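The model shown is predicted, which means the values in this text are computed figures rather than measured ones.
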Amino acid sequence: MTETGNRLRKLLESPNFDPQNYVKQLSQQSDGDRDLQEHRQKIQNLADETAQNLKKNVYKNYRQFIETAKEISYLESEMYQLSHILTEQKSIMESITQALLSTDKDETSKEMQAAFPKETEDLKQRTLTSLLEKVDGGKNIMDTPGRHLIYNGDLQEFDVDNMSPIQKVHAFLMNDCLLIATWLANRRGTVKYKYNALYELETFAVVNVKDNPPMKDMFKILMFPESRIFQAENSKIKKEWLEILDETKKNNVTKDRHKKEEEIPASPVRAEVSTNPFDEDDDEPADAEESVDLSLEWIQELPEDLDVCIAQRDFEGAVDLLDKLNEYLKDQPVTQKVKELRSKVDERVRQLTEVLVFELSPDRSLRGGPKATRRAVSQLIRLGQSTKACELFLKNRAAAVQTAIRQLRIEGATLLYIHKLCNIFFTSVLETAKEFEMDFAGNTGCYSAFVVWSRSAMRIFVDAFSKQVFDSKESLSTAAECVKVAKEHCQQLTEIGLDLTFTLQSLLVKDIKAALQSYKEIIIEATKHRNSEEMWRRMNLMTPEALAKLKDEMRSCGMGSFEQYTGDDCWVNLSYTIVAFTKQMMSFLEEGLKLYFPELHMVLLESLHEIILVAVQHVDYSVRCEQDPEKKSFILQNATFLHDTVLPVVERRFEEGVGKPAKQLQDLRKSTRPVRINPESTTSLV
């Protein structure tokens with residue numbers, strides 16, 4: 001770049017640049033229009049160079065962006081798998097340890113109970129009572145018999161959304177619940193804390209929070225749909241909290257299971273004998289209660305495991321657990337315990353569904369294409385939400401299509417823009433159709449929704465197409481080429497059994513009609529203008545090259561007999577008006593046939609009729625008014641060319657393009673047959 005260009009770039013990039021003052025100073029300093037044009041060219045060159053550099057940088061880094069995104073996706077899946085493996089290994093090690101040490105623990109506990117039967121539990125209860133005296137509003141907590149303290153300590157609570165510190169709290173972990181109390185700023189007497197919340201152990205899950213300095217030594221308490229984050233003083237205390245919470249929750253589950261087993265009556269109660277035959281099934285619910293075994297460890301821990309899977313975004317693992325439960329309860333009677341378990345599980349299913357719905361929302365990133373939605377869609381289908389999965393999938397893809405079209409840069413060349421637009425849109429529809437067919441292969445009822453979606457997506461495409469092609473008043477030839485490109489891309493969708501050609505035509509018919517009528521008016525006005533200046537003289541093309549070029553043009557229009565109207569020299573025995581009219585009308589016919597579909601039949605036919613009628617009426621009027629026999633003969637020669645050469649070619653070409661004859665054009669040709677007359681006659685056409 002030159003030194004002047006560097007100075008201009010620095011000036012435009014300066015933070016204090018004011019466009020209005022710059023233009024005002026430039027206008028005052030310039031000597032004339034040439035200086036302004038030169039400066040404008042410099043700015044344009046600078047803009048082109050900047051755009052080129054931007055394209056190069058984007059292209060240079062685009063592949064790195066894609067590869068990085070893929071690596072992140074792979075890493076995320078591997079982390080999920082690793083977490084799952086570690087969880088399984090941890091549970092296996094714990095079960096082995098418990099199996100090896102269960103005997104020693106039982107013997108030790110029996111000895112301790114024999115030596116100190118109530119001392120340990122009473123000590124824990126007294127300790128808890130003394131601590132709760134320091135909590136404002138915590139007197140009623142000890143009303144539950146058997147409740148005692150397991151662990152307690154100070155924690156710092158953080159905001160879940162922005163990770164900012166909220167307050168300092170003191171946590172009391174008991175054998176069946178967790179108490180959170182906040183510190184009082186103005187202490188009175190022995191009271192140090194204020195009651196904040198009490199959570200039963202089975203109502204929340206504990207999740208470790210990965211250290212991310214300065215945020216470290218944290219863990220999360222999940223009470224869906226809410227959650228709270230706490231920070232311990234150091235990593236050692238955090239580890240103690242996590243281990244003791246996990247152990248206490250397991251002990252609580254085991255205690256509840258044993259308690260339920262002990263509640264089974266030892267001796268059956270004699271049932272009354274009823275003589276009513278319709279009372280035979282009265283004892284079945286009691287038998288069913290006993291027949292359903294819900295004391296299995298994996299069933300007891302199922303709600304908590306579902307919470308952990310949802311928190312870790314292990315959607316497949318959560319659905320696998322639900323399938324396992326459904327398979328286990330498939331042939332079991334519906335008892336009260338089963339209903340209670342179902343209610344807990346249904347709440348987790350609702351939470352899982354909300355998370356999957358959020359994964360498919362258009363607010364999420366749309367760069368992954370249709371394949372990025374496969375994970376959430378497949379899990380929703382497994383949950384029996386195929387209709388919702390279909391709706392959200394199609395909404396996601398509609399937003400992706402609209403975003404891609406909106407981000408497409410509008411080029412100066414309309415045809416180039418339409419090529420890019422068609423490539424983006426129809427490729428997206430094709431990818432969406434293939435992904436839809438893969439995801440919903442077993443749900444044929446969803447295919448009608450995809451057809452409706454494809455029509456709505458086509459409307460988005462046609463809006464962008466019409467704004468660039470028809471609203472910008474492009475020529476009819478450009479519009480015809482653009483429509484042809486769109487039709488060709490529609491044909492590509494037939495490979496997957498989707499034909500959107502009719503939808504495209506029905507959405508474009510209004511704009512194409514307006515374009516045909518507008519171009520018809522232009523041709524009529526141009527013809528009338530040439531007619532007003534008509535001198536009825538032969539054309540002199542001056543050079544053989546020009547004559548040869550005209551012959552090629554007329555031959556391409558289908559006028560094979562044009563040779564008989566030319567001589568050895570550069571003269572043509574036709575009027576310039578008639579030749580220009582012929583080329584313009586044949587061009588209109590060819591472009592109209594490119595745009596043609598059945599709904600446009602009458603519009604195109606009537607437009608041709610009106611255009612031809614203008615030329616025919618002008619020739620008829622000229623013949624009637626001309627007094628010079630030589631000129632009148634020349635006019636009749638032009639009329640013969642129109643009647644015997646031009647009109648038959650128009651009729652034949654129209655029939656070839658449409659597939660049926662143009663009766664209106666045939667009637668027009670019959671009604672305007674020229675008549676050979678004497679020079680003194682004044683009648684030319686009948």
Using 0.5 Å steps for rounding, measure from the [atom1] atom of [X] to the [atom2] atom of [Y].
{"X": "E347", "Y": "L352", "atom1": "CD", "atom2": "CG", "value": "12.0 Å"}
{"X": "Y151", "Y": "T248", "atom1": "OH", "atom2": "OG1", "value": "11.0 Å"}
{"X": "K250", "Y": "N252", "atom1": "NZ", "atom2": "CG", "value": "13.5 Å"}
{"X": "E247", "Y": "I244", "atom1": "CD", "atom2": "CD1", "value": "9.5 Å"}
{"X": "I405", "Y": "S428", "atom1": "CD1", "atom2": "OG", "value": "7.5 Å"}
{"X": "I180", "Y": "L173", "atom1": "CD1", "atom2": "CG", "value": "9.5 Å"}

For this session: Would you please name every residue forming a side chain to side chain contact (heavy atoms under 4.5 Å, CB included) with D463, sequence neighbours left out?
Result: none
Problem set entry | Residues in side chain to side chain contact (heavy atoms under 4.5 Å, CB included) contact with D314, at least two apart in sequence or another chain |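 D314 satisfies side chain to side chain contact (heavy atoms under 4.5 Å, CB included) with H84, C309, E316 once adjacent residues are dropped.
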Partner set under salt bridge (Lys or Arg N to Asp or Glu O under 4.0 Å) for [X], not counting sequence neighbours:
{"X": "E240", "answer": "none"}
{"X": "E437", "answer": "none"}
{"X": "R374", "answer": "E435"}
{"X": "E202", "answer": "none"}

For [X], check side-chain hydrogen bond (donor to acceptor under 3.5 Å, both in side chains) against everything at least two apart and list the hits.
{"X": "D320", "result": "R382"}
{"X": "Q89", "result": "none"}
{"X": "E233", "result": "none"}

Exercise. With sequence neighbours left out, which residue pairs that include part of residues 297-324 fulfil the ring pair (Phe, Tyr, Trp, His ring centres under 6.0 Å) condition?
Worked result: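 Of all non-adjacent pairs touching residues 297-324, those that pass ring pair (Phe, Tyr, Trp, His ring centres under 6.0 Å) are W298-Y328.
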Quick one: does [X]'s side chain get under 4.5 Å of [Y]'s, heavy atoms only?
{"X": "N196", "Y": "V169", "result": "no"}
{"X": "F393", "Y": "L380", "result": "no"}
{"X": "R342", "Y": "L329", "result": "yes"}
{"X": "F425", "Y": "I460", "result": "no"}
{"X": "D246", "Y": "V206", "result": "no"}
{"X": "E391", "Y": "T387", "result": "no"}
{"X": "W241", "Y": "D217", "result": "no"}
{"X": "N175", "Y": "N251", "result": "no"}

Might you point out which heavy atoms bring [X] and [Y] nearest each other, and give the distance in Å?
{"X": "C446", "Y": "F440", "answer": "SG-CD2, 4.2 Å"}
{"X": "M218", "Y": "I229", "answer": "SD-CG2, 3.9 Å"}
{"X": "L155", "Y": "A232", "answer": "CD2-CA, 3.9 Å"}
{"X": "I310", "Y": "R348", "answer": "CD1-O, 3.7 Å"}
{"X": "L178", "Y": "A171", "answer": "CD1-CB, 4.4 Å"}
{"X": "L198", "Y": "C177", "answer": "CD1-SG, 3.6 Å"}

For this session: Decide yes or no on side-chain contact (heavy atoms from CB on, under 4.5 Å) for T353 and K388, but give the supporting numbers first.
Result: CA-CA 10 Å; T353 304; K388 180 177 290 186; 4.2 Å; yes
Given 3.5 Å as the limit, does a donor-acceptor pair link the side chain of [X] with the main chain of [Y], or not?
{"X": "N326", "Y": "L322", "result": "yes"}
{"X": "N396", "Y": "L392", "result": "no"}
{"X": "T427", "Y": "I424", "result": "no"}
{"X": "K249", "Y": "F204", "result": "yes"}
{"X": "Q231", "Y": "E157", "result": "no"}

Exercise. Are E354 and R350 within salt-bridge range, i.e. N to O under 4.0 Å?
Worked result: yes
Exercise. Does a salt bridge link K238 with D211, judged by any charged N lying under 4.0 Å from a carboxylate O?
Worked result: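 Salt bridge flag = yes for D211 with K238.
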For this session: Could you go through the side chain to side chain donor-acceptor pair (under 3.5 Å) check for S14 and N16 one step at a time?
Result: CA-CA 6 Å; S14 62; N16 299 325; over 6 Å; no
For this session: Output, in order, the C-alpha distance, side-chain angles, deciding distance and verdict of side-chain contact (heavy atoms from CB on, under 4.5 Å) for L306 and Q351.
Result: CA-CA 10 Å; L306 288 174; Q351 296 163 4; over 6 Å; no
Exercise. When the ring planes of H170 and W183 are compared, do they come out parallel, tilted or perpendicular, using 30° and 60° as the limits?
Worked result: perpendicular
For this session: Report the residues that fulfil ring pair (Phe, Tyr, Trp, His ring centres under 6.0 Å) with Y199, sequence neighbours left out, ordered by chain and then residue number.
Result: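 Checked Y199 against ring pair (Phe, Tyr, Trp, His ring centres under 6.0 Å); zero matches.
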Exercise. By ring pair (Phe, Tyr, Trp, His ring centres under 6.0 Å), which residues pair with F450, not counting sequence neighbours?
Worked result: F436, W453
